[in-house]
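The structure appears right after this line, and notes come after that.
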Amino acid sequence: MHSAHLVPTQAIVRAIPNSFSHAITHNVPTAPINVELAKKQHRQYVDTLRSLGLTIVELPAQEQLPDSCFVEDTAVFLDKVALITMPGALSRRAETQSVREVLSGYATSVTEMTLPATLDGGDCMRVGPRIYVGLSARTNQDGITLLKNTFAPLGFQVISVPLTDILHLKCVVSPLGSNRILLAEGTVAPRCFEPNEIVFAPKEEQYAANCISIGNDVIMPAGFPITQRRLQWEGYKVHALDMSEIRKADGSMTCSSILF
Ligand code: CIR
């Protein structure tokens, strides 16, 4: 049986490489990525996780892999079971090796995905006993089948959510504890997530729908006042971080760590 939702105590992160300006992006940034500022924003992100009591496992930057700071995409790690993914983007596939090595130290079982299956961790959202998984340009049906084969035996219900024009499921929705989510309006139909409670981020604040909730604390991007007020009104303590440079590489809150 899967564990009830537990507050994470550890975070795996990876420093931003100097090559970060070559990360994949679908945004056409209005200005080039300021890599030094991105590194500063990443340090603030890591410091915030640490200030909330998490033990940080920081992997060294990998210069030859510009997207490698987005560790979330390389593994799904729940209840000490690790599924090492086959990232959908070819240029990201070599990122998994060092994550597998570090997770092997914490996991009771490690499964490695192989082609033709592909899956990015950013498409997987655990909410209590359910794992929602985006069927996306990065995650295919074979990847979802392997996710099910790995986690259904632990008692998780795996629910696929077809996506169009959305990079990853968690670009538009993220968990707020074990029976509640934050969802960007006008993206995925709310009924897909029944019976969870939903807090909505307005469509124009879609980027803010990707947040990290740890107990009563929520880490979200700065500059999204409506979503921030809604979360505060719900009683969360909000930590708003400047993510301007990380966003230019299509990165956000959840993708920069593996929490467990
Ligand atoms: C990519 O396109 O793969 C990266 N530039 C961004 C990945 C962001 N990952 C995530 O949201 N889980």
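Remember, it's 1-based here, ligands and their atoms both numbered in the order they're listed. Along the sequence shown, residues carry numbers from 1.
Protein residues with a heavy atom closer than 4.0 Å to ligand 1 are Ile24, Asp67, Phe70, Glu72, Asp73, Arg92, Gly122, Arg138, His168, Ala249, Asp250, Cys255, listed by chain and number.
Residues Gln10 and Thr55 bring no donor and acceptor atom of their side chains to less than 3.5 Å of each other. Side-chain N/O atoms of Glu72 and Thr254 include a donor and acceptor closer than 3.5 Å. For the 3.5 Å distance criterion, the side chains of Arg14 and Ser98 qualify, holding a donor opposite an acceptor.
Residue pairs satisfying the ring-ring contact (aromatic ring centres under 6.0 Å, His included) criterion with at least one member in residues 49-68, sequence neighbours excluded, are absent. Every pair passing ring-ring contact (aromatic ring centres under 6.0 Å, His included) that includes a residue from residues 162-221 is listed here, sequence neighbours excluded: Tyr132-Phe193, Tyr207-Phe224.
Qualifying ring-ring contact (aromatic ring centres under 6.0 Å, His included) partners for Phe151, counting only residues two or more places apart in sequence or in other chains: none.
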